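Comments concern the structure below.
This is a predicted model, so every value here is computed, not measured. One is the number of the first residue; the rest follow in order along the sequence.
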Amino acid sequence: MSSPSTRRPRKVAVVGVALSDTGRVDEATPYALHAQAARRALADSGLDRSVVDGFGSAGLGTLAPVEVAEYLGLRPTWVDSTTVGGATWEVMAAHAADAIAAGHANAVLLVYGSTARADIKAGRRTSNLSFGARGPLQFEVPYGHTLISKYAMAARRHMHQYGTTVEQLAEVAVQARANAAANPDAMFRDPITVDDVLSGPMIADPFTKLHCCIRSDGGCAVLLAAEDYVPDTAKSPVWVLGSGTAVSHTTMSEWEDFTVSPAAVSGRLAFERAGVGPADIDLAEIYDAFTYMTLVTLEDLGFCAKGEGGPFVEKGRLLRTGELPVNTDGGGLSACHPGMRGLFLLVEAVRQLRGEAGAGQVRKPDGRLPSLAVASGTGGWFCSSGTVVLGRA
């Protein structure tokens, strides 16, 4: 038996993924959506729930993930409740993969669910303008620094510095909607044009309504497991090849460059650890609470040079039939966005690599299935980033 210092780290695969009911879900609780997604992911994997010894959850309950694990009837020996906004799930997946590789867990279930849309409709909550006014944020909130205004200021800086146009930003929304058209689970599927985006009501200059993510209900789950379990799984594994995480700032005054997101760091680390580069990637799933997030993340991941994101997103490059298919399910701009959407990025990437995306399936020019995908989540107002590179066997 090899010693701990010489033992090879175990390979880690995503072996199960699933969505709960999504879109408009008026008659379910967030806990129910967690349970529905978890059951479906386990069924997708073909593994018994008894193999799950690791659990990750965030955003629900006073003692997440303890409350959610209890609701699901799990007693994990490895847990994670890291919460860094939209990047939570890529960061958590990185933690889970490291734990499995080191032998600290064997199978880790990550689950998310939210009824954000239904809660507002029923008056159980109101829309939040900011994350609060404690700590360093107290110096910004009195001046009207709402969540969306931070993204809008960053977009305006990119437009000023690099000549990016509002029409180019609108192209991101148009192509996301075109991808959503082939996704039966997408909340909005009717085509839109650049003019539709530009003529909508202004939310925060330069963002009109269609520059912003939708508000939906829904949940999803991802099961990661050690290579030892792969022979017993129902479907071909999708391997976690590399990951990276990074944080940037809390207050806008501490953000050194509004045109650079922490994906510039997390992406570089993920690609280096995976032993691949942006040119090798067949599709990208990118957090898109606003159109600018997609554009700047593409730059920071290295798919185009800094400042060239505007021209890059033109001419249909992001379509599932384009040069670099991005947010192939329609993303947060059209498919679903119940809150911390990062876990949905992993679900869609895995489905694409498996060839399970139906009419929305991405194919290489020669007709083969994609081999490599990247999922990159962004949290806060570009405060955090997690990037995961996935590969098909």
Side-chain angles (χ1 to χ4, degrees), residues 85-87 116-117 120 126-131 140-141 143-180 186-188 190-216 248-249 252 255 257-263 286-300 307 309-314 318 326-327 330-342 376-383 385:
R117 176 206 143 272
I120 286 181
T126 59
S127 297
N128 55 307
L129 296 178
S130 71
F131 276 32
E140 292 185 349
V141 171
Y143 297 96
H145 280 213
T146 60
L147 176 63
I148 188 173
S149 73
K150 299 171 191 285
Y151 286 101
M153 284 191 292
R156 272 295 176 195
R157 180 62 198 181
H158 199 282
M159 296 169 74
H160 169 78
Q161 190 162 330
Y162 296 111
T164 306
T165 68
V166 70
E167 289 82 6
Q168 290 168 335
L169 291 173
E171 274 288 348
V172 175
V174 170
Q175 292 174 62
R177 180 62 63 86
N179 288 339
M187 195 168 175
F188 294 97
D190 292 337
I192 57 174
T193 66
V194 169
D195 285 342
D196 291 332
V197 179
L198 301 186
S199 62
M202 182 63 67
I203 306 300
D205 189 11
F207 298 145
T208 55
K209 181 179 179 179
L210 291 175
H211 281 284
C212 309
C213 66
I214 63 178
R215 184 181 289 272
S216 73
S248 178
H249 60 279
M252 298 292 281
W255 190 1
D257 188 339
F258 282 15
T259 70
V260 178
S261 79
I286 293 173
Y287 206 99
D288 61 340
F290 305 98
T291 52
Y292 175 63
M293 296 178 75
T294 302
L295 185 147
V296 77
T297 304
L298 287 168
E299 293 180 348
D300 292 335
F312 183 84
V313 302
E314 294 178 324
L318 312 187
V326 172
N327 294 340
L333 293 170
S334 285
C336 70
H337 198 302
M340 296 186 291
R341 182 181 149 77
S376 189
T378 301
W381 34 98
F382 296 104
C383 304
S385 177

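With sequence neighbours left out, the salt bridge (charged side-chain N to carboxylate O under 4.0 Å, His left out) criterion links Arg117 to Asp26, Asp217.
Panel note: side chain Ser216, backbone His337; a donor-acceptor pair is recorded below 3.5 Å. Using a distance-only test at 3.5 Å, with no hydrogens or angles considered, no donor-acceptor pair links the side chain of Asp300 to the main chain of Thr297. Side-chain atoms of Glu299 come within 3.5 Å of backbone atoms of Gly307 as a donor-acceptor pair (strictly under, hydrogens ignored). Between the side chain of Asn327 and the backbone N or O of Asn179 there is no donor-acceptor pair closer than 3.5 Å. A distance-only check finds no donor-acceptor pair linking the side chain of Glu140 to the backbone of His145 [under 3.5 Å]. The backbone N or O of Gly310 sits nowhere less than 3.5 Å from a side-chain atom of Thr164 that would complete a donor-acceptor pair.
Residues His158 and Thr259 bring no donor and acceptor atom of their side chains to less than 3.5 Å of each other. Side chains of Ser334 and Arg177: a donor on one and an acceptor on the other come within 3.5 Å.
Note that NE2 of His160 and CE of Met153 are 15.0 Å apart. Values are rounded to the nearest 0.5 Å. Going from atom CD1 of Ile192 over to atom CG of Leu210 covers 5.0 Å, rounded to the nearest 0.5 Å.
Nearest heavy atoms, Leu169 versus Met159: CD1-SD, 4.2 Å. Annotation for Asp205 and Ala152: closest pair O-CB, 3.2 Å, computed over non-hydrogen atoms. Closest approach of Pro262 to Cys383, counting heavy atoms only: CG-C, 4.1 Å. Considering every non-hydrogen atom in both Leu333 and Cys213, the closest pair reads CD2-N, 3.8 Å. The two atoms that bring Arg341 and Asp288 nearest to each other are NE-OD1, 4.0 Å, heavy atoms only. Here the shortest heavy-atom pairing between Leu147 and Gly380 reads CD1-O, 4.4 Å.
Looking only at side-chain heavy atoms (C-beta outward), Lys209 and Pro201 come within less than 4.5 Å of each other. Side chains of Phe258 and Met252 form a contact here, defined as non-hydrogen atoms less than 4.5 Å apart. Between Val197 and Thr208, the closest side-chain pair of non-hydrogen atoms falls below 4.5 Å. Using a 4.5 Å cut-off on side-chain heavy atoms (C-beta onward), Thr294 and Val313 make no contact. Using a 4.5 Å cut-off on side-chain heavy atoms (C-beta onward), Ser261 and Ser248 make no contact. The shortest distance between side-chain heavy atoms of Val326 and Gln175 does not fall below 4.5 Å. Put simply, the side chain of Met293 does not reach to within 4.5 Å of the side chain of Ile286, judged on heavy atoms.
Under the 30°/60° scheme for interplanar angles, the aromatic rings of His249 and Trp255 are found to lie parallel.
Between Phe382 and Tyr292, the ring center distance clears the sub-6.0 Å criterion.
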